[in-house]
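Here the structure is laid out as structure tokens; the discussion comes afterwards.
Numbering of ligands and ligand atoms starts at 1, following listing order. We use all heavy atoms of the structure for the numbers below, so side chains are in, but hydrogens, waters and symmetry mates are not.
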Amino acid sequence: MKDRPRVITIDGPAGSGKTTVARMLARRLGYGLLESGSLYRAFTWVLLREAPELLDKPEEKRIETFLRARLPELRFTLEPEGLKIFFRGKPLSGELRHPETESRVSEVAALPGVRALANGILRELVRERPAVAEGRDMGSVVFPDAPLKFFLTASPEVRARRRYLEWRARGLSVSEEEVLRRIRARDEKDASRKEAPLIIPEGAVVIDTSNLRPEEVLESILQRLARDRP
Ligand code: DC
């Protein structure tokens, strides 16, 4: 195989299977797994912990200034298992999936100044090692020149079923109808937001994963990689 691309982007909505497949692909290629959502989650967690009042009345400039000032205390490392984030030397993990972080992250991710800050960090990390970059705007905004881009999708019902099973495995009690309702609401919000809405990036290969197992999606990505770089 000729030179491999430095960045492979995988975008798509919640429940499309992009995280699972991105993880498998990164492991297979020995690339870093750049989970861009983790960065927004980490910013949200730090804000909630250190300056929750800034979120009450989102003043973008103050939030951005606050986060920039925290950067020396945050450290990021890119591994095949994912983006590791440390705050004051301590690794963040469960904090990033905390329900409060979860419920506020989309507000933080909607702020253009915060996105600009995140995008700079994401591009910097890819200079350190090749990566599979996974998120909502990897192929459209952050790495528009990536030579290989994928967009995973699946029907709302299938995505809701996956999320429902995931949440149930984590012990959360919620009905499948409720998950479907939330997925539809978030789709609408993600696709219609002003800043970096969820779109199919130009040149992206679209894969509908509704009836595919993760291994089959991985296989089709690997075939594409081999076809483009024989
Ligand atoms: O993929 P995730 O669930 O960890 O994403 C968390 C939040 O961050 C979600 O509200 C979407 C947002 N996000 C984004 O706006 N842009 C990205 N590239 C990745 C995530």
Query raised in the report: How does Arg193 reach ligand 1, by side chain, by backbone, by both or by neither, if only non-hydrogen atoms under 4.0 Å count?
Result: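 Arg193 to ligand 1: side-chain contact only, backbone stays beyond 4.0 Å.
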Query raised in the report: Would you say ligand 1 has an N or O under 3.5 Å from any N or O of Glu134?
Result: no
Query - Heavy atom of Glu102, distance to ligand 1 below 4.0 Å - result: no
Which protein heavy atom lies closest to [atom], and at what distance to 0.1 Å?
| atom | result |
| --- | --- |
| atom 6 (C) of ligand 1 | Arg41 NE, 3.8 Å |
| atom 18 (N) of ligand 1 | Asp137 OD1, 2.9 Å |
| atom 1 (O) of ligand 1 | Arg136 NH1, 3.0 Å |
| atom 16 (N) of ligand 1 | Arg115 NH2, 2.9 Å |
| atom 19 (C) of ligand 1 | Ser36 OG, 3.4 Å |
| atom 20 (C) of ligand 1 | Gly37 CA, 3.5 Å |
| atom 12 (C) of ligand 1 | Ala109 CB, 3.9 Å |

Do [X] and [Y] touch side chain to side chain, with heavy atoms closer than 4.5 Å?
| X | Y | value |
| --- | --- | --- |
| Val205 | Phe151 | no |
| Leu39 | Phe76 | yes |
| Trp167 | Leu165 | no |
| Arg28 | Leu222 | yes |

Query - Atoms in ligand 1 with a heavy atom of Met138 nearer than 4.0 Å - result: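 Those qualifying, in numeric order: 18 (N).
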Query raised in the report: Just which atoms of ligand 1 are under 4.0 Å from any heavy atom in Arg186?
Result: 3 (O)
Query raised in the report: Is it true that the side chains of Arg162 and Thr20 contain a donor and an acceptor less than 3.5 Å apart?
Result: no
Taking only Lys NZ, Arg NE, NH1 and NH2, and the carboxylate oxygens of Asp or Glu, determine whether [X] and [Y] approach each other closer than 4.0 Å.
| X | Y | result |
| --- | --- | --- |
| Glu195 | Arg193 | no |
| Arg182 | Glu178 | yes |
| Arg88 | Glu50 | yes |

